[in-house]
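Counting begins at 1 with the first residue of the sequence.
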Amino acid sequence: QLTAEDWNAQIMANEDKLSPLAMVMQRLAILEEEKNAADRRLEEEYERRMDNEDKFYLEKRRVLEEAIEDIQRDAFSDMNGGVGGVEKK
């Protein structure tokens with residue numbers, strides 16, 4: 001069975017053979033960091049998009065509510081022959 005000291009000694013003895021592996025591991029770590037940064041940017045973009053959706057939803061709702069009020073007011077006015085003797089057309 002291999003002890004920790006023996007393992008470390010073998011690693012140190014074969015360091016030159018293992019250096020390409022260290023480079024691969026470093027490249028993988030860099031790729032992982034880049035992926036995480038891209039994921040954060042996507043999350044921020046998603047949050048901005050949802051804020052934008054909420055903003056426009058509320059604006060559309062306000063426009064529709066105003067239109068409903070105008071239509072109801074006009075319909076009521078027409079049924080009563082115009083409020084105050086003034087008919088809207």
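Using a cut-off of 4.0 Å between Lys/Arg side-chain N and Asp/Glu carboxylate O, R41 and E44 are scored as not salt-bridged. Between E65 and R61 there is a salt bridge, with a side-chain nitrogen of the basic residue lying less than 4.0 Å from a carboxylate oxygen of the acidic one. Here K35 pairs with D39 in a salt bridge; the nearest charged N to carboxylate O distance falls below 4.0 Å.
Distance CD/E33 to CD1/I30: 7.0 Å, rounded to 0.5 Å. Note that CZ of R48 is 4.5 Å distant from CD of E45, once rounded to the nearest 0.5 Å. Atom-to-atom distance recorded for E66:CD and I71:CD1 is 12.0 Å, nearest 0.5 angstrom. Between atom CG of residue L28 and atom CD of residue Q26 there is a gap of 10.5 Å, rounded to the nearest 0.5 Å.
When each of E43, M50, R49 is checked for a side chain to side chain contact (heavy atoms under 4.5 Å, CB included) with E47, only E43 meets the rule.
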